[in-house]
Amino acid sequence: MKKFAFGVDIGGTTVKMGLFEADGTLCDTWEIPTRTENNGESILGDIAESVLETIRKKDILPEQVEGIGMGVPGPVGADGTVYKCVNLGWGIFNVEQEMQALSGFPAKAGNDANVAALGEMWMGGGKGYRDMVMVTLGTGVGGGIILDGKIVPGFNGAAGEIGHIPVRDDEPEACGCGKHGCLEQYASANGVARMANLYLKENKCESSLRGVAPEDMTSKEVFDAAKAGDAVALQIADDFGKILGRALAQISCVINPQAFVLGGGMAKAGDIVTEAVRKYYVQYAFHAARGTLFKLATLGNDAGIYGGVKMILDENSEVQ
């Protein structure tokens with residue numbers, strides 16, 4: 001096995017990059033701007049240039065490098081084909097082939113949420129669980145599916161888009177995807193804030209949350225108030241837990257994971273989030289899946305670069 005590998009997490013504003021030893025030791029991290037002008041034509045070239053510059057600076061020989069693993073904010077097929085990345089301006093093309101041509105190193109790509117899930121399985125909150133689902137609770141709800149230690153990308157890279165599981169038919173507001181009643185409209189940070197504002201508008205009740213302007217309402221405000229015993233906040237937390245717990249119970253009927261790993265900014269609220277979800281998960285889950293564990297992600301914003309490295313190491317070991 002070669003000594004080094006690079007992990008890359010491509011975001012809409014910055015590209016996070018990491019140099020790793022092949023045993024998973026993180027040597028260095030840095031960021032470069034994501035240049036999205038001209039349909040993102042410079043992004044991969046900038047990444048390749050940064051990799052080559054790092055190799056020169058650290059006196060690493062090219063033959064010591066396993067390759068480059070990348071998380072991409074969009075659907076990626078098993079062969080490395082990207083099926084449009086709106087935030088980057090990318091259309092449909094094979095990102096692995098282009099990166100290999102630009103850098104000279106083997107490259108592997110996957111959807112960023114799936115790659116982050118792989119990172120958590122390898123060195124994070126999911127370590128020791130080769131069958132797991134990562135649930136990212138942030139502005140939206142993302143997901144990543146790992147079975148037998150490998151990413152499940154789906155036919156065209158859309159597996160794990162759990163935020164767009166339909167959970168309600170009577171939702172008048174549209175989700176960002178254009179549908180109505182998607183999971184992330186209730187289980188994301190924005191969704192929790194939205195539910196709180198709607199509850200306060202429709203109900204005459206006392207709550208510390210009434211001191212928060214609707215535009216300033218956040219999931220942190222809600223969960224902090226719930227921890228302090230506010231009845232309205234506790235109700236919103238319970239509603240959140242019921243919707244997400246039921247959705248994860250449905251997922252478990254198909255995936256049957258050992259663990260759900262909860263990450264993203266909202267998961268930082270800790271036990272009040274996991275317990276609200278677990279309560280309803282157990283109620284709705286198939287009896288054989290009720291023992292599924294709930295874990296918190298531990299790698300934070302580094303999960304994507306860890307997953308990228310794990311992906312390229314696994315790819316090269318299969319080839320060999």
Side-chain angles (χ1 to χ4, degrees), residues 1-9 16-29 66-72 108-138 141-153 159-160 162 244-245 248 251-252 254-275 277-278 281-282 285 288-318:
M1 181 178 289
K2 299 177 182 180
K3 189 172 183 182
F4 299 102
F6 288 87
V8 178
D9 187 8
K16 185 169 183 116
M17 304 182 64
L19 171 65
F20 289 76
E21 293 185 10
D23 63 358
T25 301
L26 178 58
C27 303
D28 195 10
T29 63
E66 285 276 355
I68 304 168
M70 299 177 289
V72 175
K108 187 67 180 171
N111 170 265
D112 54 0
N114 289 337
V115 174
L118 188 65
E120 288 289 346
M121 183 214 71
W122 188 34
M123 291 290 177
K127 192 171 184 177
Y129 305 106
R130 290 178 60 80
D131 296 279
M132 55 157 273
V133 175
M134 183 172 175
V135 183
T136 307
L137 303 170
V141 174
I145 301 168
I146 307 296
L147 292 182
D148 195 24
K150 298 179 181 179
I151 290 172
V152 177
I162 66 174
L244 183 55
L248 297 186
I251 290 170
S252 73
V254 181
I255 304 300
N256 186 211
Q258 295 169 279
F260 287 103
V261 177
L262 305 184
M266 201 161 70
K268 293 178 182 177
D271 289 346
I272 194 166
V273 169
T274 54
E275 291 308 313
V277 177
R278 192 200 321 265
Y281 172 82
V282 171
R290 287 177 189 149
T292 302
L293 301 173
F294 282 78
K295 300 286 185 177
L296 290 174
T298 61
L299 296 179
N301 292 333
D302 288 344
I305 58 175
Y306 272 93
V309 167
K310 177 61 172 170
M311 196 165 46
I312 192 66
L313 293 176
D314 286 349
E315 177 75 5
N316 289 351
S317 66
E318 290 179 4

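Hydrogens, waters and symmetry mates are skipped; everything else that's a heavy atom, side chains included, is used. Computed from a predicted structure; not experimentally measured. Positions are given from 1, in the same order as the sequence printed here.
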At their closest point, which heavy atom of [X] faces which heavy atom of [Y], and how far apart are they?
X: S252; Y: A285; value: OG-CB, 4.4 Å
X: A297; Y: G263; value: CB-CA, 3.7 Å
X: L118; Y: M311; value: CD2-N, 3.7 Å
X: E66; Y: L313; value: CG-CD2, 3.7 Å
X: T29; Y: I305; value: CG2-CD1, 3.8 Å
X: A5; Y: I312; value: CB-CG2, 4.2 Å

From [X] [atom1] over to [Y] [atom2], what is the distance, rounded to the nearest 0.5 angstrom?
X: L248; Y: I162; atom1: CG; atom2: CD1; result: 6.0 Å
X: L299; Y: M123; atom1: CG; atom2: CE; result: 9.0 Å
X: R278; Y: R290; atom1: CZ; atom2: CZ; result: 15.0 Å

- prompt: How would you list all residue pairs meeting salt bridge (Lys or Arg N to Asp or Glu O under 4.0 Å) that involve residues 109-128, not counting sequence neighbours?
  reply: none
message: Suppose the criterion is salt bridge (Lys or Arg N to Asp or Glu O under 4.0 Å): which pairs have a residue in residues 128-138, not counting sequence neighbours?
response: R130-D148
query: Does anything in residues 292-304 pair up under side-chain hydrogen bond (donor to acceptor under 3.5 Å, both in side chains), and if so which pairs, sequence neighbours excluded?
result: K16-D302, Y281-T292
[Y] and [X], any side-chain heavy atoms less than 4.5 Å apart:
X: L137; Y: L244; result: yes
X: Y129; Y: V261; result: no
X: V135; Y: V141; result: yes
X: I68; Y: V8; result: yes

field: Those residues that, when tested against Y306, pass ring-ring contact (aromatic ring centres under 6.0 Å, His included) (two or more places apart)
entry: F20
Please tabulate, one pair per line, all N/O donor-acceptor pairs under 3.5 Å involving side-chain atoms of residues 266-274, not counting sequence neighbours.
unit_1: T274; atom_1: OG1; unit_2: D271; atom_2: O; d: 3.2

- request: Apply side chain to side chain contact (heavy atoms under 4.5 Å, CB included) to F260 and V277, showing your working.
  value: CA-CA 11 Å; F260 287 103; V277 177; over 6 Å; no
message: Going by the rule side-chain hydrogen bond (donor to acceptor under 3.5 Å, both in side chains), which residues pair with E21 if we only count those two or more places apart in sequence or in a different chain?
response: none
message: Quick one, F6 with L19, criterion side chain to side chain contact (heavy atoms under 4.5 Å, CB included). Give me CA distance, side-chain angles, the key distance, then yes/no.
response: CA-CA 5 Å; F6 288 87; L19 171 65; 3.7 Å; yes
